[in-house]
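Since the structure comes first, as structure tokens, the remarks are kept for the end.
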Amino acid sequence: MPRTPNALALVLALALGACTPAGPSPSPSPSSSGSSGSAPSAKLTRDELAATSRLTAAPISASIRFLADDLLEGRLPGTRGDDIAIKYIAAEMEAYGLEPGAADKSWFQKVPLVGIKVDVPRAVTMTAGAGSLELSVPDDLVVMSGTQDAHAAIEPTELVFVGYGIVAPEYHWDDYKDVDVKGKIVVVMNDDPSSDPNLFAGKRRLWYGRWDYKYEQAAKKGAAGVIIIHTTPSAAYPWQVVVSSNTGERFELPAVPNEARLVAKMWATEEATRKVVAFGGKDLDALRAGAEKRDFKPAPLGVKMSLAMTNKTRNVESANVVGVLRGRDPKLAADAVVYTAHHDHLGVGIAKNGDAIYTGALDNASGVASMLAVARAAALAKRPRRTLVFVAVTAEEQGLLGSEYYCAHPTFSPGHIAANLNIDSVNNRGKTNDVGFTGFGKSSLDAVIVAIASAQGRTVHGDSFPEKGSFYRSDQFNFAKMGVPAIFVRGGPSFVGKPAGWGEEQAKLFETKHYHQPSDEYDGAWDLSGAVEDAQLLLVAGLRIANADALPTWNAGDEFEAARKVALAAR
């Protein structure tokens, strides 16, 4: 039953029965405990209760207020605001009694980045026969450089529709077939096929449905460029987010020699794509319908495009901020539970209603503030057996770059990282009856979260919005790729005292009006009681994982199980 706002104190003191997962998406039964082989307790211990009592809304609010202030100018990597944020986070960690955790014994794991500001024409011309069609930039088309060279060009080349652009042998699926797309521009749908629940996880989006996969796969095929067709349902955000997120200076990790790279990465509106396809005598809807089947074959569109870009590049340095709370066990302290939250946002960009500073209050000053609150409470708690590591990563908004760099240069080897607990945008709407667990059903961490949520009087279900593919679009993905079981949880969408559907409406409202916009600001009026509950859950989860006899595991057959086995073998 829904809780009353005052129920938490009571339920924390009671041993509740096992929670049956419930919510907007199907929920598997909890797998193994991930602790000592027995089911985790649905009652908090005295030490856990003491630890959670020290985690309150005030420190979270204070850190959000500072990190989302205009003084920090949107915390774009390599800027003064970025440097202020980094130093603030390190100062807070030091004040809590954490130790510097970078390899050089400092607080800062320096992350080299290449800033790229591309100069493209205000319009791009498509040709078919003797005719031409112009697309406006950025109203119809957004263009990003795929190379770090000063000059990049695509000579007039053919556009080829490649459906979803997926190559997935395990599903007997190949959208490219044997068609040669070298030097060409491929036009690709976002998302992955969803009509069959037994294929590509049905409505739940996999990495195959993410834009970064589309670019990576096309580059491997030798394509010169990619145009991703934007629709709000397939992207999970409106066109304005594509524009705000991909114009101005963008950042990458330094290029690797002989790495497959595109010349241009592009997005086009659905309306503009429809015009281009019709310009070549084809029908977009018919092409997309054909792409839902395994026997789909790439379709040349009869349209050519050329592009010339000048790139202004610069080498900059940002940092992951790393703080450590050493475990008390002489042996298990060599293992770590790693908390992460990204500290960057989009900086100063296109002005909206007279405001050009993208402060990123919810995304993700709030996540860093929550992680700092967890670190403070953990430092005051009984020291766990394993080590706790707190990493504020950079350049997440640029493509998860800070966590990618950390995972390539981890301060603990992958086989010694027990789990990753990531925080990306907190619940700022009040207490909830439920917890959405992105990645539920993938690892033994299910049982840990279910037990703690049960002690809070909350149920657990899978990703509240599975069609967004959230597991693959925040920093936990890089940890999972190297085999580390990962947690990404947030309360909702069932809110205490609110009618059914209210949580979904609020999430959609934020996505439509404020996500990656200057209006993502903090005025102190948020209801952080739900954020506190979620942070308390993550605090206890980290302590339990750190105190368990056994390391967490991926479930048998999971996509990341093989990487975990490799990591453990190298311990």
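Not one N or O on the side chain of Arg490 forms a donor-acceptor pair closer than 3.5 Å with the backbone of Thr438. Distance alone, capped at 3.5 Å, places no donor-acceptor pair between the Glu134 side chain and the Met126 backbone. For Asp104 (side chain) and Ser106 (main-chain N/O), a donor-acceptor pair under 3.5 Å exists by modelled atom type. Side-chain N or O atoms of Ser425 include one that pairs as donor or acceptor with a backbone N or O of Leu362 at under 3.5 Å. Between the side chain of Asp192 and the backbone N or O of Leu206, at least one donor-acceptor pair lies under 3.5 Å. Using modelled atom types, one side-chain atom of Thr387 and one backbone atom of Gly327 make a donor-acceptor pair closer than 3.5 Å. Under a 3.5 Å cut-off, the side chain of Asp558 and the backbone N or O of Phe560 do form a donor-acceptor pair. Not one N or O on the side chain of Ser413 forms a donor-acceptor pair closer than 3.5 Å with the backbone of Arg571.
Taking every heavy atom of both residues into account, Ile545 and Arg386 meet most closely at O-NH1, 3.1 Å. Contact detail for Arg80 and Leu71: the closest heavy-atom pair is NH2-O, 3.6 Å. Minimum heavy-atom separation, Ala378 to Phe390: CB-CZ, 4.3 Å. Annotation for Ser444 and Pro552: closest pair OG-CA, 3.4 Å, computed over non-hydrogen atoms.
For the residue pair Thr310/Asp119, the side-chain donor-acceptor check at 3.5 Å is not satisfied. Defined by atom type and a distance below 3.5 Å, a donor-acceptor pair is present between the side-chain atoms of Tyr406 and Thr411. With 3.5 Å as the limit, one finds a donor-acceptor pair spanning the side chains of Asp335 and His416. In the model, Gln398 has no side-chain atom that pairs as donor or acceptor with a side-chain atom of Glu252 under 3.5 Å. A donor and an acceptor atom, one from each side chain of Glu292 and Tyr164, are located under 3.5 Å apart. A side-chain N or O of Thr147 and one of Asp149 form a donor-acceptor pair less than 3.5 Å apart. Neither side chain, Ser318 nor Asp344, offers a donor N or O lying under 3.5 Å from an acceptor on the other.
The only member of Val160, Ile154, Leu159 that meets side-chain contact (heavy atoms from CB on, under 4.5 Å) when paired with Lys184 is Val160. Put simply, the residue from Tyr208, Phe477, Tyr213 that forms a ring-ring contact (aromatic ring centres under 6.0 Å, His included) with Tyr472 is Phe477. When the options Asp475, Asn422, Thr394 are evaluated for a side chain to side chain donor-acceptor pair (under 3.5 Å) with Ser403, the one that passes is Asp475.
Relative to the ring axis of Trp207, Lys481 places its NZ or CZ within 45° and under 6.0 Å from the centre. Remark: Lys442 is positioned above the aromatic ring of Phe471, its terminal NZ or CZ atom under 6.0 angstrom from the ring centre and at most 45 degrees off the axis. Annotation: cation-pi geometry satisfied between Lys468 and Phe465 (NZ/CZ under 6.0 angstrom from ring centroid, within 45° of ring axis).
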Tyr358 and Val348: side chain to side chain contact (heavy atoms under 4.5 Å, CB included), yes or no, with the steps?
CA-CA 6 Å; Tyr358 290 67; Val348 179; over 6 Å; no
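Open room surrounds NZ on Lys565; 12 or fewer heavy atoms of other groups in view lie less than 6.0 Å from it.
Electrostatic pairing of Glu99 and Lys105 does not count as a salt bridge here, judged by no charged N lying under 4.0 Å from a carboxylate O.
The aromatic rings of His345 and His516 stand perpendicular to each other, their planes meeting at an angle above 60°, with 30° marking the opposite boundary.
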